[in-house]
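First up is the structure itself, then whatever we jot down about it.
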Amino acid sequence: MLWYIGRRLLQLIPVFFGATFLIYLMVFALPGDPIAALFGGKTPPPAVIDALRAQYNLDKPFIVQYLIWVGGVFTGDFGIAYNGQAVSDIMARAFPLTAKLAILALVFEAIIGITVGLVAGLRKGGVFDTVSLIVSLLLISVPTFVVGFLIQYIFGVELRLIPTSVSANAGISAYIAPAFVLASVSIANILRLTRSSVAENMGADFVRTASAKGLSRGRVIRVHILRNSLIPVVTYLGIDLGALMVGAIVTEGIFNIPGVGGTVYQAVIRGEGPTVVSFVAVMVIIFMLANLLVDILYAVLDPRIRYGK
């Protein structure tokens, strides 16, 4: 297992360089001059533009800019944004907010999706199963921003049960509604995935054998049905953690959360290569570590899975 984990960690190296290089290249290829854009419609003296371009290394070739950024990363320096702030400071403010939102959304996905999916799978063809499938189909079909605005208007504006805007200093309770909005589509997907997996395992030979041996229904469900049904669900959850952090831009926009999504979007608009690539680099690492955790959980859920050389 340790050898396998070490090998997977080594895979971070080419993925890190490949992803950051491509993102930096795409930002570099964006049309327009980001320094000129800082002054809006005004035209500053050429000397000012030249000085700023030199300050942010924009007067150097692309590959030199990228290597300067990489060299800074290994010393803890992610560069300076065009507004004069250190990128590391921007990340320190944005990432905790989005991480809080994404982790809470992941908890909602796991609890609601697995619980409802399990009950629906055990009662396949019943009223609960039918209603859950209809609700999940609605959540999948309706765009996230529609769900967000509805929840914000009904529970925030009309009923005043939730804040309509979440500040950077807000407590965890303020993130409940945004997290549910962010997780809504994934909840539906996990529900349907769990339901189909449970229904399939209920007819498996090992479940019939466990029941024939006299095991209680509760033990058969927990140990034999649910445990084996969670393998594809865990895969989805591991992949979705990265997707939640990237896809939080819509939810953060609706609830005015100053997190990663809005920060990266604004950095792309301004053509800030170091800012965009620094955020992407951290998200790549989070995504890879989440997938490594999923692989380890496979061995916990299914004793037949072993990782060796």
Side-chain angles (χ1 to χ4, degrees), residues 1-9 11 102-141 179-180 182-244 247 286-309:
M1 176 65 79
L2 291 177
W3 182 90
Y4 174 80
I5 294 175
R7 188 181 66 180
R8 287 295 301 272
L9 290 175
Q11 292 176 0
I103 292 173
L104 189 56
L106 201 70
V107 171
F108 284 157
E109 291 179 23
I111 295 177
I112 300 175
I114 293 174
T115 302
V116 177
L118 173 63
V119 177
L122 295 174
R123 301 180 180 180
K124 183 179 179 181
V127 176
F128 185 89
D129 180 34
T130 303
V131 172
S132 65
L133 288 177
I134 293 174
V135 173
S136 65
L137 184 60
L138 285 174
L139 289 176
I140 294 173
S141 303
F180 179 82
L182 179 61
S184 58
V185 174
S186 296
I187 288 174
N189 288 327
I190 291 177
L191 187 160
R192 298 172 78 90
L193 183 61
T194 305
R195 180 250 183 200
S196 61
S197 187
V198 167
E200 179 182 353
N201 284 322
M202 282 184 64
D205 292 338
F206 62 85
V207 173
R208 288 196 294 267
T209 301
S211 300
K213 289 169 64 176
L215 297 180
S216 65
R217 178 172 173 79
R219 181 169 177 79
V220 171
I221 292 174
R222 291 193 310 273
V223 178
H224 297 279
I225 296 178
L226 180 60
R227 187 171 179 177
N228 286 279
S229 300
L230 284 181
I231 293 178
V233 176
V234 167
T235 304
Y236 184 95
L237 287 171
I239 295 174
D240 202 42
L241 176 60
L244 287 174
I286 292 173
F287 186 82
M288 292 287 290
L289 292 178
N291 278 270
L292 175 60
L293 179 61
V294 167
D295 289 344
I296 296 173
L297 286 176
Y298 281 167
V300 176
L301 294 172
D302 191 344
R304 296 171 298 177
I305 298 176
R306 290 291 182 267
Y307 297 113
K309 297 184 179 180

Next item on the list: Applying side-chain contact (heavy atoms from CB on, under 4.5 Å), run through Ser229 and Ile225 and close with a yes or a no.
Entry: CA-CA 6 Å; Ser229 300; Ile225 296 178; 4.1 Å; yes
Next item on the list: Return yes when atom CZ of Phe180 has more than 12 non-hydrogen atoms of other residues, nucleotides or ligands closer than 6.0 Å, and no otherwise.
Entry: no
Check: To the nearest 0.5 Å, how far apart are CG in Asp240 and OG1 in Thr235?
Finding: 12.0 Å
Margin query: Let me confirm one number: the CD1-CD1 distance from Ile190 to Ile114, rounded to the nearest 0.5 Å.
Written below: 6.5 Å
Margin query: Between Arg222 (side chain only) and Arg227 (backbone N and O only), is there a donor and an acceptor less than 3.5 Å apart?
Written below: no
Margin query: Please find the pair of heavy atoms, one from Asn228 and one from Val223, that lie closest to each other, and give the distance.
Written below: ND2-O, 4.1 Å
Notebook entry, point to check: Going by heavy atoms in the side chains, are Leu191 and Ser132 under 4.5 Å from each other?
Noted result: yes
Notebook entry, point to check: Would a 4.5 Å heavy-atom cut-off, applied to side chains only, mark Asn201 and His224 as touching?
Noted result: no
Next item on the list: Would you check if the side chain of Ser197 reaches a backbone N or O of Leu193 as a donor-acceptor pair within less than 3.5 Å?
Entry: no
Notebook entry, point to check: How close do Ile140 and Ala188 get, heavy atom to heavy atom, and via which atoms?
Noted result: CG1-CB, 3.5 Å
Next item on the list: Would you give the length of the straight line joining atom OG1 of Thr194 to atom OH of Tyr236, rounded to the nearest 0.5 angstrom?
Entry: 10.5 Å
Check: Roughly how far apart are Met202 CE and Ile221 CD1, rounded to 0.5 Å?
Finding: 7.5 Å
Item checked: Minimal non-hydrogen separation, Ala210 against Val220, with atom names -> CB-CG2, 4.2 Å
Next item on the list: Mind checking the CG-CD1 spacing from Leu139 to Ile134? Nearest 0.5 Å is all I need.
Entry: 12.5 Å
Item checked: Shortest non-hydrogen contact from Ala102 toward Leu244 -> O-CD1, 3.7 Å
Check: Which residues pass the salt bridge (charged side-chain N to carboxylate O under 4.0 Å, His left out) test with Asp129, sequence neighbours left out?
Finding: Arg195
Check: In Å, rounded to the nearest 0.5 Å, how long is the span from CG of Leu182 to CD of Glu109?
Finding: 7.5 Å
